[in-house]
J.: 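Here's a structure for you.
These numbers come from the heavy atoms of this one structure, side chains and all, not from hydrogens, waters or symmetry mates. From a predicted model like this one, the values you see are computed outputs, not experimental measurements. Order of appearance sets the numbers: ligands from 1, and atoms from 1 within every ligand.
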Amino acid sequence: MGAVLEIRNLHVNVEDKPILKGVNLIVKQGESHALMGPNGSGKSTLANVLLGHPAYQVTGGQLIFDGIDLLELEPDERSRLGLFLAFQYPVAIPGVTLANFLRQAINSRMKAVDPESKGISIPEFRRLLKAKMDYLHMDHSFAGRYLNEGFSGGEKKRAEVLQMATLEPKIAILDETDSGLDIDALRIVSEGVEKLKGPNLGVLVITHYQRILNYIKPQQVHIMFEGQIVENGGPDLALKLEEHGYDWIRARHA
Ligand code: ADP
Ligand code: MG
């Protein structure tokens with residue numbers, strides 16, 4: 001059976017202000033979900049809590065991954081379990097190439113499993129990286145660039161997709177910036193996710209963008225409003241949202 005991420009009645013405060021007010025969501029390996037909602041509804045808060053960001057206080061509920069209590073784990077431990085969280089605002093690391101960054105990430109995983117591990121050899125890593133980049137139709141020179149330094153919005157997204165392809169997570173959560181989200185970046189992520197989708201990958205794509213269905217085909221769509229998931233449905237739900245906008249949600253749930 002595949003891995004399951006379970007968010008149970010999650011309550012989260014930021015600076016003592018309640019932001020998430022009882023979120024329930026289940027994402028399984030092999031499934032694709034979209035989490036949508038107006039700005040300020042709490043989507044990024046949920047992503048940050050899944051990552052283990054210290055600024056967010058969980059005041060109630062549970063986060064379970066594969067039967068393990070995530071709230072007890074550090075961000076790197078969560079990642080090693082097979083949870084991948086793309087950063088909404090990726091940091092630049094001058095002097096570290098994307099390739100080196102990816103190799104370090106693989107090595108630290110291997111060492112966590114086996115402290116004696118010497119990590120992946122350079123030729124083996126090169127082969128792996130080349131295969132992943134070819135699969136995603138990426139130019140090989142991209143891996144030689146310094147991580148996120150001077151990257152356009154689209155290139156940052158490309159780097160995230162390559163990280164996801166290389167680390168082979170069981171469940172990936174991709175939070176799109178609402179500000180600065182452009183069509184190009186969304187298309188790149190969506191195409192990458194579509195290619196990587198399969199029985200071994202579960203995805204939760206978080207976006208404010210209503211026309212997501214033009215790019216990505218989520219099986220399940222969830223709408224967050226004022227800290228709760230207020231609507232669950234199939235692709236038709238996103239179509240309805242495109243037609244009626246978020247005012248329709250506000251009218252139903254305010
Ligand atoms: P969304 O991603 O759906 O636009 P967010 O989760 O970013 O929503 O924000 C939900 C609410 O939580 C907003 O009112 C926002 O101002 C507040 N919030 C989120 N993160 C922080 C933070 N680090 N500090 C203060 N307020 C925050
Ligand atoms: Mg957000």
Side-chain angles (χ1 to χ4, degrees), residues 5 7-25 27 32-61 63 70-71 74-75 78 83-91 148 153-154 156-157 159-161 164 171-190 193 203-213 215-216 218 220-233 237-238 240-242 244-254:
L5 171 66
I7 301 164
R8 292 189 197 147
N9 194 25
L10 188 69
H11 287 73
V12 173
N13 283 6
V14 182
E15 291 166 359
D16 297 322
K17 184 177 160 219
I19 304 292
L20 298 186
K21 302 161 188 168
V23 173
N24 292 289
L25 184 63
V27 179
S32 68
H33 297 245
L35 177 65
M36 307 177 75
N39 282 329
S41 55
K43 304 182 300 295
S44 293
T45 298
L46 180 63
N48 283 320
V49 169
L50 286 167
L51 176 82
H53 193 298
Y56 298 80
Q57 306 111 35
V58 175
T59 57
L63 282 184
L70 282 184
L71 295 176
E74 296 298 321
R78 298 180 192 203
L83 200 59
F84 175 87
L85 296 128
F87 292 106
Q88 186 170 14
Y89 303 105
V91 288
N148 289 320
K156 283 180 185 169
K157 293 293 152 194
E160 278 177 11
V161 171
M164 188 167 98
I171 292 180
I173 294 122
L174 299 131
D175 190 8
E176 297 307 297
T177 53
D178 293 331
S179 59
L181 176 78
D182 60 31
I183 281 250
D184 190 41
L186 183 63
R187 185 182 50 78
I188 288 161
V189 172
S190 305
V193 167
V203 286
L204 177 65
V205 175
I206 300 177
T207 183
H208 166 85
Y209 198 67
Q210 293 170 31
R211 265 168 280 162
I212 187 170
L213 271 198
Y215 302 92
I216 197 167
Q220 296 186 45
V221 176
H222 316 277
I223 299 176
M224 188 175 271
F225 181 68
E226 294 185 350
Q228 287 183 319
I229 291 177
V230 295
E231 300 276 344
N232 294 284
L237 185 55
K240 214 160 170 179
L241 206 55
E242 187 180 346
H244 303 290
Y246 284 117
D247 286 344
W248 168 69
I249 294 293
R250 284 190 193 95
R252 273 164 76 99
H253 300 281

J.: Has Thr45 got an N, O or S atom lying less than 2.8 Å from the Mg ion (ligand 2)?
T.: no

J.: Under 4.0 Å from a heavy atom of Ser44: which atoms of ligand 1 are those, numbered in the order shown and with their elements?
T.: 1 (P), 2 (O), 6 (O), 7 (O)

J.: Should Arg252 and Glu231 count as an ion pair when the cut-off is N to O under 4.0 Å?
T.: yes

J.: For ligand 1, is there an atom lying under 4.0 Å from some heavy atom of Gly37?
T.: no

J.: Quick check: does Val14 get an N/O under 3.5 Å from an N/O on ligand 1?
T.: no

J.: So is there a nitrogen or oxygen of Ile19 less than 3.5 Å from a nitrogen or oxygen in ligand 1?
T.: no

J.: For Ala55, state whether at least one heavy atom is located under 4.0 Å from any atom of ligand 1.
T.: no

J.: Could you check whether any side-chain heavy atom of Met164 comes within less than 4.5 Å of a side-chain heavy atom of Val193, counting everything from C-beta outward?
T.: yes

J.: Which ligand 1 atoms, with their elements, are less than 4.0 angstrom from a heavy-atom of Asn39?
T.: 4 (O)

J.: Tell me whether Lys43 contacts the main-chain N or O of Gly37 through its side chain, where contact means a donor paired with an acceptor under 3.5 Å.
T.: yes

J.: Any donor and acceptor pair, going by atom type alone, linking the side chain of Arg78 with main-chain N or O of Leu83 inside 3.5 Å?
T.: no

J.: When rounded to the nearest 0.5 angstrom, what distance separates OG1 in Thr59 from CG in Leu20?
T.: 9.0 Å

J.: Heavy-atom contacts with Lys17 under 4.0 Å: which atoms of ligand 1 show up? List them by number with element.
T.: 14 (O)

J.: Counting from 1, what ligand 1 atoms have a heavy atom of Pro38 closer than 4.0 Å?
T.: 3 (O)

J.: Judged by non-hydrogen atoms, does Gly227 sit under 4.0 Å from ligand 1?
T.: no

J.: If you round to the nearest 0.5 Å, how far is CD1 of Ile19 from CD of Glu226?
T.: 11.0 Å

J.: How are the rings of Phe225 and His253 set to each other: parallel, tilted or perpendicular (split at 30° and 60°)?
T.: tilted

J.: Evaluating non-hydrogen atoms only, which member of Ile206, Thr45, Val12 is closest to atom 9 (O) of ligand 1?
T.: Thr45

J.: Which distance, rounded to the nearest 0.5 Å, do you find between the CG of Leu174 and the CG of Leu35?
T.: 12.0 Å

